[in-house]
There are 2 protein chains.
Amino acid sequence: MKQPNICPKFEQAISLLSKRWTGLVIYQLLNGTQRFNELQSAIGVSGKVLSDRLKDLEQQGIVHREVIPDTPVIIQYSLTTKGQSMQSIIQSIESWSQDWIKPE
Amino acid sequence: MKQPNICPKFEQAISLLSKRWTGLVIYQLLNGTQRFNELQSAIGVSGKVLSDRLKDLEQQGIVHREVIPDTPVIIQYSLTTKGQSMQSIIQSIESWSQDWIKPE
DNA sequence: ATCACTAAGTTACTTTATGTAACCAACTAT
DNA sequence: ATAGTTGGTTACATAAAGTAACTTAGTGAT
């Protein structure tokens with residue numbers, strides 16, 4: 001056993017990002033506040049899983065959910081400070097992908 | 001539709017990292033060459049899925065698999081240059097996690 | 001009033017991914 | 001001959017994700 005235990009903070013961060021769609025939701029919200037349907041059609045995820053992910057992320061303090069009592073009601077999702085701080089991660093993935101992923 | 005299509009390179013990179021265990025496998029291999037069983041016990045993944053992931057990563061040119069005809073045969077997994085270049089991503093996740101994930 | 005429509009989900013059901021544990025081949029040491 | 005090792009694979013069980021229909025509350029059109 002070379003590494004009997006991996007840093008739990010790192011492990012938690014990785015497990016967050018290892019969930020399908022998490023990265024794209026954050027990426028999308030880095031462009032600003034968005035509504036449920038906007039997110040759904042922008043990233044092509046099912047309503048069910050988007051709903052799950054947004055709950056996860058809200059619970060982790062990464063996403064903020066705001067109910068605006070317009071009619072019909074508007075629900076806006078945005079990143080908290082913690083969520084915005086993940087831009088550094090998204091950036092590094094983005095720049096790596098530009099350098100190393102070949103087209104088609 | 002705000003963003004009808006996300007950059008395909010970025011999307012591919014994200015989909016790679018969104019697969020369970022991928023991040024930890026790369027993290028682990030950043031410490032140097034490792035054998036199948038070492039990886040397995042270090043990150044606590046089942047042999048089946050580890051086998052799948054290593055095949056994926058090999059096929060993506062991220063991991064190199066080397067057979068050493070010792071007895072019993074030794075199989076060493078290591079990162080290619082492309083794989084090593086992902087250190088920047090792992091780093092950013094690591095440093096974010098130190099700043100923002102609170103313990104327990 | 002009745003019908004159709006919208007946003008933001010939820011529900012029931014199907015398909016895919018992951019986990020578990022047993023097994024295998026080729027060899028070695030006892 | 002028997003047991004042990006590495007690097008897997010296989011069959012079966014459970015969890016996660018996809019699909020499509022449905023819901024609730026309100027609005028506007030007929």
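Excluded from the calculations below are hydrogen atoms, water molecules and symmetry mates; all remaining heavy atoms, backbone and side chain alike, are included. Per chain, numbering begins at 1; letters A, B, ... match sequence-line order.
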Would you say [X] places a side-chain N or O within less than 4.0 Å of OP1 or OP2 belonging to [N]?
X: B/Ser46; N: C/dA21; value: no
X: A/Ser51; N: C/dT10; value: yes
X: B/Tyr77; N: D/dG8; value: yes
X: A/Lys55; N: C/dA8; value: no
X: A/Arg53; N: D/dA17; value: yes
X: A/Arg35; N: C/dA8; value: yes

Query - Nearest-neighbour nucleotide for the A/Lys48 side chain, C/dG19, D/dG18, D/dT6 considered - result: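 The listed nucleotide nearest to A/Lys48's side chain is D/dG18.
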Query raised in the report: Out of D/dA17, D/dT6, D/dG7, which has the shortest distance to the side chain of B/Pro72?
Result: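 Output: D/dT6.
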Are the side chains of [X] and [Y] in touch, meaning some heavy atoms are under 4.5 Å apart?
X: A/Ile74; Y: A/Phe36; result: no
X: B/Met86; Y: B/Gln91; result: no
X: B/Leu57; Y: B/Tyr77; result: no

**Report entry** Closest heavy-atom pair and its distance - B/Ser46, B/Gln40
**Finding:**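 In terms of heavy atoms, the two residues are closest at C-NE2, 4.1 Å.
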Given atom [atom1] of [X] and atom [atom2] of [N], what is their separation to the nearest angstrom?
X: B/Glu38; N: D/dG8; atom1: CD; atom2: C1'; result: 16 Å
X: A/Gln40; N: C/dT10; atom1: CD; atom2: P; result: 12 Å
X: B/Asn37; N: D/dT5; atom1: CG; atom2: P; result: 11 Å
X: A/Trp21; N: C/dA17; atom1: CH2; atom2: P; result: 13 Å
X: A/Asp52; N: D/dA16; atom1: CG; atom2: P; result: 10 Å
X: B/Glu66; N: D/dG8; atom1: CD; atom2: C1'; result: 18 Å
X: A/Leu54; N: C/dA7; atom1: CG; atom2: P; result: 16 Å
X: B/Leu24; N: C/dT18; atom1: CG; atom2: P; result: 13 Å

Query raised in the report: Could you give the distance from CD1 (A/Ile26) to OG (A/Ser85), rounded to the nearest 0.5 Å?
Result: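 A/Ile26 CD1 to A/Ser85 OG: 9.0 Å, rounded to 0.5 Å.
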Query raised in the report: Touch check for B/Leu50, heavy atoms < 4.0 angstrom, all strands: base, sugar-phosphate only, or nothing?
Result: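 Here B/Leu50 touches no strand at all.
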Requested in this report: Would you kindly compare A/Arg20 and A/Ile75 by the position of their nearest DNA chain C nucleotide and give the one closer to the 5′ end?
Outcome: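 Counting from the 5' end, the first nearest nucleotide belongs to A/Ile75.
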